[in-house]
Amino acid sequence: MIGADAIRARFARAMSEMYRQEVPQYGALTELVARVNARVLQDDPALKARLEAIGALARLDVERHGAIRLGTAAELATMRRLFAVMGMAPVGYYDLSVAGIPVHSTAFRPVDEAALGRNPFRVFTSLLRLDLIADVALRAEAERILAARRIFTPGVLALIGQWEGEGGLGDAEADLFVREALETFRWHREATVSAATYRRLHDAHRLIADVVCFKGPHINHLTPRTLDIDAAQAEMPLYGMRAKEVIEGPPRRACPILLRQTSFAALEEPILFLGEGSAGEDGCHTARFGEIEQRGMALTPKGRALYDRLLRVARDDGPEDVPYGARLEAAFARFPDTEDELRGQELAYFRYDLTDGASLPPGLSAEAPIGDLVRLGVVVATPMTYEDFLPVSAAGIFRSNLGGLGGADYAASADRTGFEAALGAEVLDECALYAALQDRSVADVRRCLRDAAA
Ligand code: OOG
Ligand code: NI
């Protein structure tokens, strides 16, 4: 039997290969990022040693996330089963309707530390919310079109069923699974609708046309992880890429937090509409792009609330004549930027480990406050990497790749219950995952200290 981590690694590699073929600029993007990362590691041996020590160096070169947009509840439910074969579970609920985008989303990703260390591949997965289309006739038409398509091959459905029944796949079956699963994410230049239908859906929202008019949920971007997103952003034009104007997320800091993202503009690609009677009509569609991300520390709910508040300040309350980047810097001056402060004020999650060869100083108990144990050098604290996404940033990425869109103003609100009903499962709470990991590391440290003292 081939383990889920190995299947995920094979799939991520195959997906990356396919996307490189489909969108050559993505290949250039991965080269750019590899070069920036190599330079950062060379210039900062301490960083390199730290990444190596926590096992984060090996995953860097293969680290990617992708994104897809699904049309129906049934597609989402089957997608959950498909990702389960690769050890990926739905984590987090993201409501993008507040940003004028008619979808809600989750991220399928590995959840435990060992699996993330082996291959952290994740897919930001959105479900179209047709309930947000005001035009009832158009909504019905979109539903009809979506109900008729089959985005999974019979082969992959059979293998998912087999995996569920037997709890695993053999080597050859795993390869077959990867090949068959990949078909769902492939780009098809033939639309499944006429030019007139495409235009009607496109006029309701560009995103609706992207989801409804094609055979399947083509992967719309893949994102390598960089160690210096500002350098990568600055170099994108040298590689002929039109970079998004601002980097989404927090500003550059001594202690990076959460996630910073930028992208190159979506390509205009030729498509062929379904002909009405006669031959198909040529057209074009823009949806697929490339993105770069830099990951920082995972924040506690308290840290996240501060992040959300300062981001709002930068966006809404900053002086109009000051550029966004400067407003962001100014607002985030109020966010502590040393590991000690972030830990002391419980703004970020940390993993605690016994210092090599350390033992408990006389008079101190294994149950002493963890902060004291760190201060005395008995325990080392390492910040946890944020493995998830940010709804405001995601909306910015969506928007920049849908031709600026904007305009859509949905009265609707989050519908987590509806999303989970479609998914056929609850989404995991990302904070609970980080907190459990942190708590477990503290408990392990205390147990070791107790054992050593006994
Ligand atoms: C997803 C956009 C969001 C991210 O990294 O936040 C995203 C999409 O365009 O389908 O990928
Ligand atoms: Ni993305």
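None of the values given here were measured: they were computed from a predicted structure. Excluded from the calculations below are hydrogen atoms, water molecules and symmetry mates; all remaining heavy atoms, backbone and side chain alike, are included. Note that ligands are numbered from 1 as they come in the structure, with each ligand's atoms numbered from 1 the same way.
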May I have the step-by-step check of side-chain hydrogen bond (donor to acceptor under 3.5 Å, both in side chains) for His202 and Asp210, ending in yes or no?
CA-CA 8 Å; His202 189 277; Asp210 182 60; over 6 Å; no

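- Here the protein heavy atom with the shortest distance to atom 4 (C) of ligand 1 is Gln261 NE2, 3.2 Å.
- A donor-acceptor contact closer than 3.5 angstrom is absent between the side chains of Glu183 and Thr153.
- Under 3.5 Å, the side chains of Tyr26 and His221 contain no donor-acceptor pair of N or O atoms.
- Inspection of the Glu268 and His285 side chains reveals no N or O donor paired with an N or O acceptor under 3.5 Å.
- At a 4.0 Å cut-off, not a single heavy atom of Glu293 sits close enough to ligand 1 to count as contact.
- Both the sub-6.0 Å distance and the 45° axial angle are not jointly satisfied by Arg69 relative to the ring of Phe185.
- Listed by atom number, the atoms of ligand 1 under 4.0 Å from Phe124 heavy atoms are 1 (C), 3 (C).
- Which parts of ligand 1 touch Glu291 is read off a 4.0 Å heavy-atom cut-off, strictly below it: atoms 4 (C), 5 (O), 11 (O).
- Of the heavy atoms in Ala394, both backbone and side-chain atoms come closer than 4.0 Å to ligand 1.
- Of the N or O atoms in Ser126, none lie within a sub-3.5 Å distance of an N or O in ligand 1.
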Set out, in order, the CA-CA distance, both residues' side-chain angles and the distance that settles side chain to side chain contact (heavy atoms under 4.5 Å, CB included) for Leu390 and Glu248, then state yes or no.
CA-CA 9 Å; Leu390 297 168; Glu248 298 288 342; over 6 Å; no

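- If you put the vertex on the Ni ion (ligand 2), NE2 of His65 and OE1 of Glu291 sit 90° apart, to the nearest 10°.
- The shortest N/O to N/O separation between His65 and ligand 1 falls below 3.5 Å.
- Residue contacts with ligand 1: His221 is included, with a non-hydrogen atom under 4.0 Å away.
- Ring centroid separation for the pair His104 and Tyr93 comes in under the 6.0 Å cut-off.
- For the residue pair Thr382 and Arg50, no side-chain donor N or O sits within less than 3.5 Å of a side-chain acceptor on the partner.
- Each of the atoms 4 (C), 5 (O), 6 (O) of ligand 1 lies under 4.0 Å from some heavy atom of Phe389.
- Looking only at protein heavy atoms, the nearest one to atom 10 (O) of ligand 1 is Arg69 NE, 2.8 Å.
- In Thr223, neither the side chain nor the backbone holds a heavy atom less than 4.0 Å from any atom of ligand 1.
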